[in-house]
Structures are given as C-alpha cells and as structure tokens.
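One structure is given below, encoded as structure tokens.
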Amino acid sequence: MAVYKVTVATGDMVEAGTNNSISITLVGSYGESRRTTVSFLFLPGKERSLSVHCGQDLGPIVLIRLHKWRLFLEDAWFCKDVRVTAPNGTLYRFPCYQWLEGVTTVEVREGSGKKLVDDKLQILKEHRSQELAARQEAYRWKNFAQGWPRCLNVDSIFELDSNIQFSRIRANNFTGFLIFQGASHFLSGFLLRRTSWNSLDEMRTVFSRTQGRDIVPEYVAKHWQEDDFFGYQFLNGNNPIIIHRCTTLPLNFPVTPEMVAGSLGGGTDLGKELQEGRIFIVDYKVLEDIPTDTIYGRQQHIAAPLCLLHQGIDGLLRPIAIQLSQTPGPCSPIFLPSDDEWDWLLAKTWVRNADFYSHQLLTHLLRTHLFGEVFAIATLRHLPTCHPLFKLLMPHFHFTLHINTLARTVLINRGGLIDKGSGVTYEGLLLVVQQGLEQVTYTSLCLPDDICHRGMSHVPNYHYRDDGMRLWEAIESFVSGIVTFYYRGDAAVSGDTELQAWVMDIFTNGFLGRTSSGVPSSLQTVAELIKFLTMVMFTCSAQHAAVNNGQYDLGAFVPNAPSSMRHPPPCEKGRAFLQHFLDTIPEVATTANILVALILLSSQLKDRRLLGQYPEEWFTEAEPRRLIRAFQGRLEEIRDRIEERNHLAELRYNYLNPLETENSISI
C-alpha cells in the first residue's frame with residue numbers, strides 16, 4: 001500500500017476558514033486515489049494534515065481535486081495551497097489561492113510552470129482546455145463606449161467572481177475612507193458652497209484640515225505661480241509623458257523670435273535654441289472642440305492650448321509662450337511672461353486645466369486603468385493557471401477588475417464624479433478617450449522608446465525618467481530570467497498557441513486592431529516577448545504609480561489643477577484681474593467634490609501589495625523563486641538611491657519609490 005502525506009493550508013485573510021466538509025482526491029500519471037475527507041473545520045492561516053492510503057503507487061502526482069460539500073449553511077473557504085509528499089519522499093506543491101463556494105469540485109495542477117507543448121498526459125491537456133473554456137465563459141468582453149478599449153462584461157462589483165473582488169479588509173477601508181472624507185468636507189461646509197472662493201489663501205483651508213497630507217499641497221500653494229514650478233510639473237508632475245523636444249515650431253503656433261527674446265537670455269535667439277534642443281512643447285490638440293457642460297447651471301469652458309518651454313542655462317524648464325487655441329489669430333493671442341501678471345497667470349492656469357483632462361482621461365484612465373484591464377482579461381481568457389506567464393502576470397492584476405468596475409459605476413459613468421465635477425460633458429469625456437486611443441503607439445507605452453522618441457533623454461532633473469528607467473530595467477531583467485527559463489528559443493515563443501491567442505486578444509480588444517499603433521498582434525521571438533511583458537508589468541505597476549500617487553499632492557490647491565473653468569479663454573490681453581481669476585476656477589463645492597476623489601485615489605489603503613511582493617507563491621521551481629529574490633534586491637537598491645536623493649530635496653519626488661509603488665492597479 002502507498003501512503004501519501006497531505007497538508008492543506010487555508011489562507012490567512014478574514015473569513016478564509018470554513019466549517020463545511022472538504023475532501024481531496026490525488027491524481028497521478030498511473031491512477032488516482034479514492035476521495036478522502038480532510039476535515040470539517042478550517043481556521044484562517046492554519047493547516048490540516050492527513051494521510052491518503054492507496055492500493056498502489058499513483059506515479060507522479062499531476063493534479064488534485066478539492067471537493068467542498070455542505071450539510072446546512074454555506075461557508076466559503078479560501079484554499080492557499082496543498083502539499084503532497086509521495087512514499088518515495090518527493091514533494092509536490094499545488095498553489096491554489098482561490099475561494100471555493102457552494103457544493104463544488106476544483107481541480108488544481110501541480111505548480112510547475114507548463115506551456116501547452118509541455119503537457120504529455122491527456123488528462124492534463126483536457127484540464128487545460130476545460131479551464132480556459134470556463135474562463136472564457138466567465139470573463140467576457142463588452143463595449144463600454146464606442147472607440148474605447150473593451151472591458152469586462154459586468155455591470156457592478158457584485159457580479160464579479162470572489163477571486164477578483166477586493167478583500168474584505170480593503171473593501172471596508174475603501175468605503176470607510178470615502179465616507180469619512182465626504183462627511184468631513186460636508187461638515188466643513190465646503191460641499192454646500194456654490195460660490196467662488198473669497199481669496200487665494202482661503203483655498204488652502206480645504207486641505208490644511210487633512211492632517212499629514214498637507215506638506216506638498218502647502219509647497220504647491222506657495223510656488224504655483226512661479227514659472228519654474230510650472231515647468232517642473234511637466235517633468236515630475238502627474239502628467240510627465242506629454243512634453244516633447246521641439247525642433248520646428250508648428251505652423252499654427254506662430255511664435256516669433258522677438259516675442260521670446262527677453263525670456264531666452266542674452267547671446268542667443270529662438271532659432272539657435274530650437275537647433276540646439278533647448279525648446280520644448282506641450283500640445284493639447286486632443287481637447288479641441290470637445291463639448292462642455294454646465295455645473296450648478298453655469299456653462300463651463302475648455303481650451304486646447306499649446307505651450308512652449310525653454311531650458312535655461314541652469315537646466316530648469318520655464319514657459320515662454322502660451323496660445324489657448326489651435327487656431328492663431330486676433331482672438332487667440334500668444335501670452336508671454338512679459339505680459340501683465342494676471343494675464344500670464346490665467347494663461348498658465350488654462351494650460352493646467354487642459355493638463356487636468358489630459359492626465360485624468362488619457363495618461364491615467366486610458367493608458368493605465370483601461371489597458372491594465374485589457375491585459376488582465378486576456379490573461380484570464382487565454383493563459384491557464386499552470387502557464388508560466390499566468391504565474392508571472394496575475395499578481396500585477398490584483399484588484400484591477402474590481403477598481404475598474406467600480407470606476408465605471410461611480411467615476412466615469414454618466415452622472416458620475418468626472419461628469420459632475422469637470423467641465424466636459426459625458427459625451428465629451430467619451431470623445432477625449434476615443435481620440436486619445438487613436439494616438440496611442442507601442443513606442444509610447446515602452447518607456448525607453450518613449451523617452452527617446454520625445455527627445456527627453458538628456459533633460460536634467462527629470463526624475464520620472466530616471467526612476468522609471470531603473471524600474472523598467474529591473475522589471476526587464478526579472479522578466480528576461482523568467483522567459484529564458486521557460487522558453488529555450490524563438491521557436492518556443494512563436495509556437496506557443498496560448499501565448500499568441502493572448503497577444504491577439506490584447507491587440508484586438510485593447511487597441512481595436514489598429515496596426516498603425518505598432519502594438520504587436522503576435523510575438524515571434526524571445527526578445528519581443530520580453531519587451532511586451534515588461535511593458536505590461538511596468539504599465540500596471542510603476543507607470544500607474546507615477547501618474548496616480550501625486551494626484552492629491554499636486555491637485556489639492558485648486559488653481560494648480562482646476563477641473564473646470566467658468567469663464568471662456570481670454571480673447572485679448574489686459575482683461576484679467578484677481579476677482580475674474582477667482583470666478584474662473586472651480587467654485588468651492590466643485591473643488592471639494594473633486595478633492596474627495598483625489599485624496600482617495602492617491603491614498604495608501606490596507607491590503608496593498610508593493611512592487612516585487614509576491615505573497616501568493618505561484619512559482620514552485622527554484623530558479624523563478626531565485627529570480628524573484630534578485631528582483632526584490634534590485635528594487636531595494638532603487639529605493640535607497642531615491643531616498644538618498646530625496647533626503648536633501650525641498651520637494652521630494654517619491655512616486656516611483658518601490659515603497660510607494662504597488663504591484664497592480666488597485667486604486
């Protein structure tokens with residue numbers, strides 16, 4: 001008789017245990033065991049051990065079946081993993097990490113990463129096929145809006161599978177935080193005031209009440225009017241990916257050398273600065289002709305500005321010319337630093353308002369949240385649990401489907417927070433994202449290529465680039481080790497039909513089959529696979545952190561990132577003054593509404609998982625586990641380097657510190 005030692009582990013999260021009956025069947029390459037009861041009581045974080053007696057050796061154990069049965073009340077159970085020791089001492093590990101609900105049987109494969117070609121037993125091929133068929137039924141695509149990346153076909157978070165929902169502790173933390181912030185602003189009277197702010201200084205009261213979160217907002221309130229800080233934010237603010245080096249002025253932005261001579265300093269001119277690569281441009285053409293809405297019955301306005309910046313001999317970027325429309329002419333003057341103080345400040349604030357839309361709808365929503373969801377759904381639909389790339393990628397989709405489903409019901413829906421708190425109509429919101437997707441390229445999603453394409457390789461003080469490149473290289477090194485361990489050559493990549501289906505699903509449903517994007521629809525080489533996987537993991541971790549975590553810091557002081565503008569863009573100079581400025585930026589109630597969202601979205605909620613943390617041990621082989629440890633060590637080095645730089649900085653750039661960067665898009 002063969003005796004197998006079995007250990008069953010329950011997850012340590014709240015309510016992971018069960019009092020329902022759990023039994024197990026071992027399946028080997030020579031046969032399977034009888035069904036054996038494990039226990040009727042499982043406690044969170046605890047293990048149950050048992051012996052399974054078989055009439056003969058089962059051979060290598062390739063999968064197990066967990067059977068859950070209830071006599072009376074349902075009590076869901078979260079299984080962490082199962083370990084089986086064979087009579088000859090061989091240890092088999094079965095990572096499970098899933099909820100078992102109702103009366104059910106779940107099959108779990110041995111934990112070694114296996115591509116389709118690696119499976120020789122028919123039972124394993126059938127299990128693989130059946131798992132994907134069930135997943136493709138459970139995770140279906142739908143259109144949220146025309147011209148958007150497709151999304152998960154559910155209407156609320158309550159339709160989500162338990163395995164992709166927020167944990168209980170995170171859900172309670174999220175809800176409680178939102179209620180507290182909303183109540184705080186309500187009781188302070190901000191949410192009831194539909195009038196303009198009384199002064200610039202009064203605006204600081206909305207964030208000074210938030211203990212511990214006011215250091216950067218106070219810095220912003222002190223420096224927001226300065227051209228140095230305005231330029232700094234294009235490098236290290238919430239939207240650090242839209243500035244380009246400018247070598248030739250656009251025809252629709254007729255800046256003359258005389259206009260900017262005073263801003264460039266002596267001994268040079270505009271032509272020389274363009275030629276030597278010290279002129280930069282930001283263009284918000286995507287906002288042209290976007291329909292605007294009303295807030296509290298008052299018409300809102302939007303602009304599609306162009307902004308020219310210059311890198312001074314001190315290395316700092318400063319704005320030197322702003323045009324508030326895409327069409328030059330008498331009604332669209334070019335504003336200059338030499339203009340009246342309020343004319344120049346108002347022009348810069350219009351740029352900041354355009355940047356709010358560009359950041360929230362394109363850089364943040366489209367290029368991280370929506371693409372992250374596409375990557376997650378395609379992975380669930382086409383890569384079985386045993387596939388090495390499923391094991392690599394799934395930790396980087398933790399809670400993503402939940403937060404995006406929530407966003408579609410409260411944030412970007414008709415009547416949602418963006419609709420109510422910004423100046424664009426719901427249709428305008430949809431149009432901006434649609435037009436933004438049409439401009440997305442594979443180059444722009446791959447940080448090294450993007451930095452080179454935008455001509456930003458040598459600009460000093462570009463912390464987003466420097467920290468981001470170190471993280472990209474660390475992720476790439478980790479991915480390279482995983483890929484070369486499981487794929488011995490290019491033929492293994494091109495011949496992996498599950499991988500090819502995954503890439504095609506992303507291309508078709510995420511980028512709508514647009515070949516001009518340069519996004520691949522197939523991967524033929526090891527190098528191509530490494531680059532694509534690095535892009536996916538970077539997007540879902542570092543890139544999201546870079547464009548998400550500073551939202552409250554840089555947006556709490558409303559003139560620095562106004563969500564709407566209540567007067568139209570100025571058609572002439574000399575008309576701006578303080579009260580006009582206060583009557584243009586959002587009123588008190590709109591400010592408070594937006595800030596409730598910003599502080600939540602940039603907060604550190606409980607049950608977060610930082611980049612490189614893999615509490616779910618999907619990989620069981622020694623080499624992937626060694627690669628994970630090496631990755632973690634490299635992240636610690638990056639952390640130390642960032643913190644050393646920040647130690648002496650008046651304004652710390654910490655958004656890409658691995659201690660602040662989550663593994664996934666979970667907020």
Problem set entry | Considering all heavy atoms, the nearest N163-W99 contact | OD1-N, 2.7 Å

For this session: Walk me through it: do E427 and L431 pass the test side chain to side chain contact (heavy atoms under 4.5 Å, CB included)?
Result: CA-CA 6 Å; E427 291 73 20; L431 188 58; over 6 Å; no

Exercise. Are D343 and K573 within salt-bridge range, i.e. N to O under 4.0 Å?
Worked result: no

Exercise. Can any side-chain N or O of R566 pair as donor or acceptor with the backbone N or O of I585 at less than 3.5 Å?
Worked result: yes

Exercise. Rounded to the nearest 0.5 Å, what separation is found between the CG atom of L437 and the CG atom of L370?
Worked result: 9.0 Å

Exercise. Taking the side chain from Y357 and the backbone from G423, do they hold a donor-acceptor pair closer than 3.5 Å?
Worked result: yes

For this session: Measure the acute angle between the ring planes of F371 and F511, then classify it against the limits of 30° and 60° as parallel, tilted or perpendicular.
Result: tilted

Problem set entry | Whether Y655 and Y653 hold their rings parallel, tilted or perpendicular, with breakpoints at 30° and 60° | perpendicular

Seminar exercise, completed: Taken to the nearest 0.5 Å, the spacing of L152 CG from Y139 OH works out to 8.0 Å

For this session: State whether the side chain of Y462 and the backbone N or O of P240 hold a donor-acceptor pair below 3.5 Å, judged by distance alone.
Result: yes

For this session: Using a strict 4.0 Å threshold on nitrogen-to-oxygen distance, state whether E373 and R408 make a salt bridge.
Result: yes

Exercise. Under 6.0 Å between the ring centres of Y219 and F229?
Worked result: yes

For this session: Determine the interplanar angle of the Y232 and H463 rings, folded into 0 to 90°, and report it as parallel if under 30°, tilted if 30 to 60°, perpendicular if over 60°.
Result: perpendicular

Seminar exercise, completed: Rounding to 0.5 Å, atoms CZ (R652) and CG (N657) come to a distance of 7.5 Å

For this session: Check the pair I642, I638 against side chain to side chain contact (heavy atoms under 4.5 Å, CB included), reporting the backbone distance first and the verdict last.
Result: CA-CA 6 Å; I642 291 173; I638 294 171; 3.9 Å; yes

Exercise. Counting distance only, does the side-chain N/O of Q300 pair as donor-acceptor with the main-chain N or O of P568 below 3.5 Å?
Worked result: no

For this session: Just say parallel, tilted or perpendicular for the rings of H369 and H364, cut-offs at 30° and 60°.
Result: perpendicular

Exercise. How about H567 and H301: are their ring centres within less than 6.0 Å of each other?
Worked result: no

Exercise. Nearest heavy-atom pair of I242 and S358: which atoms, and what distance?
Worked result: CG2-OG, 4.1 Å

For this session: Kindly give the heavy-atom pair with the smallest separation between L445 and M535, and that separation in Å.
Result: O-CG, 3.4 Å

Exercise. Ring centres of F538 and H544 under 6.0 Å apart?
Worked result: no

Exercise. Donor-acceptor pair, N560 side chain versus W224 backbone, under 3.5 Å?
Worked result: no

For this session: Over 60° means perpendicular and under 30° means parallel, so classify the ring planes of H402 and F166, tilted if in between.
Result: parallel

For this session: With sequence neighbours left out, write down each residue that passes side-chain hydrogen bond (donor to acceptor under 3.5 Å, both in side chains) with R150, or none if nothing qualifies.
Result: N143, N509

Exercise. Do side-chain atoms of Q165 reach the backbone of S162 as a donor and acceptor pair under 3.5 angstrom?
Worked result: no

Exercise. Is the shortest distance from a Lys or Arg side-chain nitrogen in K420 or D293 to a carboxylate oxygen in the other one below 4.0 Å?
Worked result: no

Exercise. How would you list, by chain and number, every residue that makes a salt bridge (Lys or Arg N to Asp or Glu O under 4.0 Å) with R193, sequence neighbours excluded?
Worked result: E202

For this session: State, to 0.1 Å, how close T590 and S564 come at their nearest heavy-atom pair, and which atoms those are.
Result: CG2-OG, 4.4 Å

Exercise. Minimum heavy-atom separation for T400 to S664, with atom names?
Worked result: OG1-CB, 4.2 Å

Exercise. Taking 4.0 angstrom as the limit, do K142 and D155 come out as a salt bridge?
Worked result: yes

Problem set entry | Ring center gap for F577 and W342 short of 6.0 angstrom | no

For this session: Starting from the C-alpha separation in whole Å, work towards a yes-or-no answer on side chain to side chain contact (heavy atoms under 4.5 Å, CB included) for I320 and L336.
Result: CA-CA 6 Å; I320 58 173; L336 306 168; over 6 Å; no

For this session: Calculate, to the nearest 0.5 Å, the distance between atoms OG1 and CD belonging to T327 and E288 respectively.
Result: 5.5 Å

Exercise. Which residues pass the salt bridge (Lys or Arg N to Asp or Glu O under 4.0 Å) test with D227, sequence neighbours left out?
Worked result: K348

Exercise. Which heavy atom of A321 sits nearest a heavy atom of F253, and at what distance?
Worked result: O-CZ, 3.7 Å

Exercise. Is there a donor-acceptor pair closer than 3.5 Å between any side-chain N or O of E660 and the backbone N or O of N549?
Worked result: no

